[in-house]
Amino acid sequence: MIRAVSGTRDILPAEVSAWHRVESAARSLFARYGYREIRTPIFEETALFARGIGAETDIVSKEMYTFEDRDGSSLTLRPEATAGIVRSVIENNLMNTDPALKVYALGPMFRRERPQKGRYRQFHQVDVEAFGFAGPGIDAEIIEVALGYLEACGLVEVDLVLNSVGDPACRPAYVETLRAALRANLAKLGPDSQRRTETNPLRVLDSKAPEEQGLIAALPRIADHLCPACREHFGEVRRQLDLVGIRYRVDHRLVRGLDYYTRTTFEVTSGALGAQNSLLGGGRYDGLVKELGGPDLCGIGFAVGMERVIMTLPAAEGERRCDVFLMPLGAAAQDKALRLQRALRGAGVRVLLDPEGRSFKARMKLADKLGARFVAILGEDEIQKGAWTVRDMAGSAQEDVPEARVLDHLKEKIHG
Ligand code: AMP
């Protein structure tokens, strides 16, 4: 037997309504803030991700699904959405027609991580990006969008963490200060952090190694090394969040290790999630569009893990899968039922019947399971009378409805 590939999972029919809910929450909320949907390809040239995410990152160095195409070019299944969106913005000159560009995307991403609860190799993200806004207002607004989205999905008990990672004016000096502090403590670091002390010291701040936590807490903090412009920007982001009553915690360890990420970074976690507790992450990337060959256009965005959002939602109650269940008994009734079924469906009513013609009892059970609001029965007695028996499943009340009226009767009952 062939099984689903490790780290991938089926979204089964019973789960789909939860997915529809989080998808439509995205569409309806983002539209209110002026975001429009963009759909970019699932695979791109490998070089896009190497440049857009950074060759040093775990994603690029260890986790990409990369393959050689028949013409020898190297392609990769997208591990995240931002790089593809930035490529599209540049390639289609979107900023020419829309200098303040706001877009969102929904879809699957692929990373060869070690699978566990809440961590998959194919997973889905809701991604939101805004281009061409330099001021701190968009940082505060996009954080509001992120939290508003979780709330629209039904999640309110979440924690927002915030930081500023500075910019090319102030970060290099901080990185050197950090490196010097790490070099002085090299013996207390594990091999990964020892290596990163030289290659990318900011990433040591993300380390989860228990024995390094004490040392990391005492390292120099970026907040104390921001240049005046970055300090002012961060102060204004925080002031605007305070203004609208959004609570947050500043964590100096929330970093993005790449040069084109600037200033604001943020993450939202949920205590309900366990080890993989991150619901969404984002930040400002003022150098990325240029790095990928475009104009000097600033950007900011975030990505939400849809599986993680759905995992934290309360289970949906039983779903109603049909409005009307038809129960013809006998061949003549069957033909009338088929015609009625087609007419009802044409009128927008969700209608089912049992094509296998099982026993009355089995069919009543099925109607109940499908959540039918009405069952319309046509047996020999009914044919004699020229009327259907329509049963309201909520109260079990029954009434006779003449054949000529039954279509309109059921339409009225369902659509009011
Ligand atoms: P990132 O793109 O790594 O910043 O991740 C953004 C969000 O995507 C995270 O907060 C998670 O909710 C989700 N996410 C990232 N990687 C995975 C994964 N392997 N499986 C499921 N969700 C993920």
Side-chain angles (χ1 to χ4, degrees), residues 4-11 15 18-19 22-23 25-26 40 42 44 48-49 52-54 56-65 76-86 104-129 142-143 145-147 149-150 153-155 157-163 165 202-203 205-206 208 251 253-258 260-261 264-285 288 299-313:
V5 173
S6 167
T8 71
R9 53 191 292 280
D10 302 306
I11 298 166
E15 298 167 74
W19 284 81
V22 302
E23 287 160 6
T40 64
I42 301 278
E44 300 269 1
L48 174 69
F49 301 117
I53 304 171
E56 289 284 303
T57 58
D58 284 352
I59 294 183
V60 172
S61 62
K62 298 192 263 199
E63 297 171 356
M64 293 205 303
Y65 283 98
T76 293
L77 299 183
R78 62 182 186 193
E80 55 94 60
T82 309
I85 291 174
V86 170
Y104 72 91
L106 309 174
M109 306 295 155
F110 306 86
R111 294 182 197 171
R112 202 174 189 294
E113 296 193 79
R114 195 166 49 79
Q116 55 180 279
K117 190 166 188 293
R119 191 154 84 182
Y120 309 100
R121 291 179 171 177
Q122 174 173 338
F123 60 97
H124 297 76
Q125 285 184 339
V126 171
D127 195 78
V128 176
E129 314 282 353
I142 214 163
I143 290 170
V145 173
L147 292 173
Y149 174 60
L150 296 177
C153 290
L155 291 183
E157 296 285 307
V158 297
D159 299 304
L160 168 65
V161 181
L162 203 62
N163 193 21
V165 295
L202 284 175
R203 291 212 44 217
L205 297 174
D206 292 324
K208 305 277 184 294
D251 183 350
R253 295 179 53 174
L254 187 67
V255 290
R256 301 238 168 194
L258 300 166
Y260 31 81
Y261 288 104
T264 313
T265 55
F266 57 96
E267 184 175 30
V268 177
T269 58
S270 162
L273 272 173
Q276 301 298 315
N277 67 352
S278 170
L279 286 165
L280 67 87
R284 184 172 266 284
Y285 48 82
L288 180 60
I300 181 166
F302 67 86
V304 190
M306 295 175 79
E307 280 81 359
R308 302 221 182 140
V309 170
I310 287 167
M311 279 165 64
T312 24
L313 293 180

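Note that ligands are numbered from 1 as they come in the structure, with each ligand's atoms numbered from 1 the same way. Quantities reported herein were computed from a predicted structural model and do not represent experimental measurements.
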**Student:** Tell me which part of Leu279 gets within contact of ligand 1: side chain, backbone, both or neither, using heavy atoms under 4.0 Å.
**Tutor:**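 Under 4.0 Å from ligand 1, Leu279 contributes backbone atoms alone.
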**Student:** What protein heavy atom is closest to atom 20 (N) of ligand 1, reported as residue, atom name and distance in Å?
**Tutor:**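 Scanning the protein heavy atoms, the shortest distance from atom 20 (N) of ligand 1 goes to Tyr120 N, 3.0 Å.
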**Student:** Please write down residue, atom name and distance for the protein heavy atom closest to atom 10 (O) of ligand 1.
**Tutor:**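 Checked against all protein heavy atoms, atom 10 (O) of ligand 1 sits closest to Ser278 OG, 2.7 Å.
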**Student:** Can a side-chain donor-acceptor contact be found between Gln276 and Gln116 if the only test is distance below 3.5 angstrom?
**Tutor:**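 Looking only at side-chain atoms, Gln276 and Gln116 do form a donor-acceptor pair, the distance falling under 3.5 Å.
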**Student:** If I take atom CE from residue Met306 and atom CD1 from residue Ile11, how far apart are they, to the nearest 0.5 angstrom?
**Tutor:** 8.0 Å
**Student:** Which atoms of ligand 1 sit under 4.0 Å from any heavy atom of Leu280?
**Tutor:**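 In order of numbering, the contacting atoms are 10 (O).
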**Student:** With distance as the sole test, does Glu80 use its side chain to make a donor-acceptor pair with the main-chain N or O of Ala83 at under 3.5 Å?
**Tutor:**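 Indeed, once roles are kept as given, a pair shorter than 3.5 Å links the two residues.
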**Student:** Other residues, nucleotides and ligands only: do more than 12 of their heavy atoms fall within 6.0 Å of CZ on Arg253?
**Tutor:** yes
**Student:** I need the nearest protein heavy-atom contact for atom 4 (O) of ligand 1: residue, atom name and distance, please.
**Tutor:**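 Answer, as residue, atom name and distance: Arg256 NH2, 4.3 Å.
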**Student:** Is it the case that Ser278 and Glu267 place a side-chain donor and acceptor less than 3.5 Å from each other?
**Tutor:**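 Result is yes, a qualifying pair exists.
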**Student:** Could you say whether the N/O atoms of Glu80 and ligand 1 ever approach to under 3.5 Å?
**Tutor:** no
**Student:** Is Val22 close to Val126 at the side-chain level, that is, under 4.5 Å between some pair of heavy atoms?
**Tutor:** no
**Student:** Can you tell me which residue and heavy atom of the protein come closest to atom 21 (C) of ligand 1, and the distance to 0.1 Å?
**Tutor:**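 Ranked first by proximity to atom 21 (C) of ligand 1 is Gly118 O, 3.3 Å.
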**Student:** Identify, by atom number and element, the atoms of ligand 1 in contact range of Ala303, meaning under 4.0 Å from any of its heavy atoms.
**Tutor:** 6 (C), 7 (C)
**Student:** Distance to 0.1 Å, residue and atom name: give those for the protein heavy atom nearest to atom 1 (P) of ligand 1.
**Tutor:** Arg111 NH2, 3.7 Å
**Student:** Determine, step by step, whether Arg308 and Thr312 satisfy the side chain to side chain contact (heavy atoms under 4.5 Å, CB included) criterion, reporting the C-alpha distance in whole Å, the side-chain angles of both residues, the deciding distance to 0.1 Å, and the verdict.
**Tutor:** CA-CA 6 Å; Arg308 302 221 182 140; Thr312 24; 5.7 Å; no
**Student:** Report the nearest protein non-hydrogen atom to atom 8 (O) of ligand 1: residue, atom name, distance rounded to 0.1 Å.
**Tutor:**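 Protein heavy atom at minimum distance: Gln125 NE2, 3.0 Å.
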**Student:** Any side-chain to backbone donor/acceptor pair from Asn277 onto Thr269? Under 3.5 Å, distance only.
**Tutor:** no
**Student:** Are any of the N/O atoms on Gly305, whether in the backbone or the side chain, positioned under 3.5 angstrom from an N/O atom of ligand 1?
**Tutor:** yes
**Student:** So which protein heavy atom does atom 19 (N) of ligand 1 come closest to, and at what separation?
**Tutor:** Glu113 OE2, 2.6 Å
**Student:** Looking only at atom types and distance, does a side-chain atom of Arg111 sit under 3.5 Å from a main-chain N or O of Pro79, one as donor and one as acceptor?
**Tutor:** yes
**Student:** Atom 22 (N) of ligand 1: which of Phe110, Phe123, Phe302 has the nearest heavy atom?
**Tutor:**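 Checking each option, the heavy atom nearest atom 22 (N) of ligand 1 is found in Phe123.
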